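For the single chain, residues carry numbers from 1 onward in sequence order. Treat the numbers as computed from the prediction; the structure is a model and nothing was measured.
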Amino acid sequence: MSTDSYEDALKKLGELLTKKSDLGNVAAAKIKQLTSELEELDSSKIDSVERIKSGFNHFKTHNYEKNPSLYSALAKSQSPKFLVFACADSRVCPSHILNFQLGEAFIVRNIANMVPPYDKTKHCNVGAALEYPITVLNVESILVIGHSCCGGIKGLMAIEDDAAPYKSEFIEDWIQICAPAKNKTKQDCKDLSFDDQCNNCEKEAVNVSLGNLLSYPFVRERVVKNKLAIRGAHYDFVKGTFDLWELDFKTTPAFALS
């Protein structure tokens, strides 16, 4: 419906109610019903294209156009200090959790925030995502962030030990990268509930990834020369806490984000 016809309808309704004021209660009930139906329609049928457009327009108005010097500098180059491995889970965006600004962190996201061991024939996408920020951009710190309620870790913990046939095309093969974390958790936490085991494995899987990082020659070389720091972390969005630990796996006291 066009804006003109919408305004004409309102005008006619106003004229009618002026002439027949006794219809006021009926009109109010109809308008209330129509408003409810329109609200339901709007919330149940969100146009994804319009959401993308409105999202960009908001970003351009409130960010891009208000920070011309920042975007002018970023147009020329980038020099992030952090390389972050995080889960693709929609609830754990590292830029939101750690308030990273544009240009501050080079971020790689995948299922269960895993880093596979060095292998030129497998997972070359991860190798490339490591090599570029480390050897070209010279990041100073690598952070691997696990998180609470991780579906990838729950899937890993649920895989039977008798090598049952895979039920997915890619996922189970990928999460087996952190099978050592599962094995350690099963051994050390066998008396805990499945959920508690998963919570423990979320952190152990980060440690496995930290160890795998050292299998990359260009990572190990820089760590040995103290040019690159490696840390693990675990974000619990249920409790609102963030645990951070060094490569030696000694966990520092957790601090609350709230």
Side-chain angles (χ1 to χ4, degrees), residues 1-78 80 82 84-113 145-155 168-171 195 233-242 255-258:
M1 182 181 292
S2 67
T3 302
D4 289 340
S5 60
Y6 164 75
E7 292 177 344
D8 288 343
L10 288 180
K11 182 179 180 180
K12 291 179 180 178
L13 177 61
E15 292 174 348
L16 177 62
L17 293 177
T18 299
K19 296 177 181 178
K20 298 183 178 181
S21 58
D22 57 312
L23 294 178
N25 291 335
V26 176
K30 293 289 185 179
I31 292 173
K32 183 178 181 180
Q33 180 182 354
L34 178 59
T35 300
S36 177
E37 291 175 355
L38 290 174
E39 288 177 342
E40 182 178 350
L41 179 64
D42 181 61
S43 61
S44 63
K45 294 184 179 180
I46 299 176
D47 189 312
S48 59
V49 174
E50 287 303 316
R51 173 61 185 85
I52 292 171
K53 289 180 178 179
S54 64
F56 176 74
N57 288 334
H58 182 275
F59 160 76
K60 186 174 181 180
T61 301
H62 296 278
N63 292 276
Y64 187 87
E65 293 178 348
K66 290 186 177 181
N67 298 282
S69 58
L70 170 62
Y71 289 98
S72 177
L74 290 176
K76 298 174 183 177
S77 65
Q78 62 170 321
F82 296 92
V84 179
F85 279 88
C87 186
D89 191 304
S90 62
R91 301 166 291 182
V92 294
C93 177
S95 293
H96 285 275
I97 297 168
L98 299 179
N99 195 33
F100 283 130
Q101 303 304 304
L102 287 175
E104 191 175 5
F106 193 98
I107 299 175
V108 182
R109 301 182 69 175
N110 59 42
I111 298 299
N113 44 267
I145 308 174
H147 69 91
S148 58
C149 306
C150 181
I153 295 300
K154 286 186 178 180
S168 62
E169 292 188 48
F170 301 103
I171 299 173
D195 287 343
H234 182 267
Y235 167 49
D236 189 327
F237 55 74
V238 177
K239 299 178 180 178
T241 58
F242 189 89
F255 59 88
L257 292 175
S258 59

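For A86, the side-chain contact (heavy atoms from CB on, under 4.5 Å) criterion is met by V84, P94, R109, not counting sequence neighbours. Every residue two or more places apart in sequence or in another chain that forms a side-chain contact (heavy atoms from CB on, under 4.5 Å) with L34 is listed here: E37, L38. For H58, the side-chain contact (heavy atoms from CB on, under 4.5 Å) criterion is met by H62, not counting sequence neighbours. Residues satisfying the side-chain hydrogen bond (donor to acceptor under 3.5 Å, both in side chains) test with E15, not counting sequence neighbours, are none. Scanning for salt bridge (Lys or Arg N to Asp or Glu O under 4.0 Å) contacts around D236 gives an empty result, with sequence neighbours left out. A search for side-chain contact (heavy atoms from CB on, under 4.5 Å) contacts involving S54 returns R51, not counting sequence neighbours.
Ring geometry for Y71 against F59 counts as perpendicular: the plane angle is over 60°, on a 0 to 90° scale with 30° as the lower cut.
The two residues Y235 and I97 have their closest heavy-atom pair at CD2-CD1, 3.2 Å. Of all non-hydrogen atoms in H147 and N113, the two that sit nearest each other are CD2-OD1, 4.0 Å. Closest approach of C150 to C87, counting heavy atoms only: SG-SG, 4.4 Å. Minimum heavy-atom separation, F237 to S148: N-OG, 3.1 Å.
With rounding to the nearest 0.5 Å, the separation of CD1 in I111 from CD1 in I153 is 10.5 Å. Note that OG of S69 is 6.5 Å distant from CG of N67, once rounded to the nearest 0.5 Å. Here the straight-line distance linking atom CG of N110 with atom CG of D89 works out to 12.0 Å at 0.5 Å rounding. The structure places CG of L102 at 10.5 Å from CD of Q78, a figure rounded to the nearest 0.5 Å. The CZ atom of F106 sits 13.5 Å away from atom CZ of F100, with the distance rounded to the nearest 0.5 Å.
More than 12 non-hydrogen atoms from other residues, nucleotides or ligands lie less than 6.0 angstrom from CG of N57. Remark: L17 CG is packed, more than 12 non-hydrogen atoms of other residues, nucleotides or ligands lying under 6.0 Å away.
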Stepwise side-chain contact (heavy atoms from CB on, under 4.5 Å) check, K53 with D47: CA-CA 10 Å; K53 289 180 178 179; D47 189 312; over 6 Å; no
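A donor-acceptor pair under 3.5 Å links the side-chain atoms of Q101 to the main chain of N99, judged by distance alone. Proximity of a side-chain donor or acceptor of R91 to a complementary backbone N or O of C149 within less than 3.5 Å is detected.
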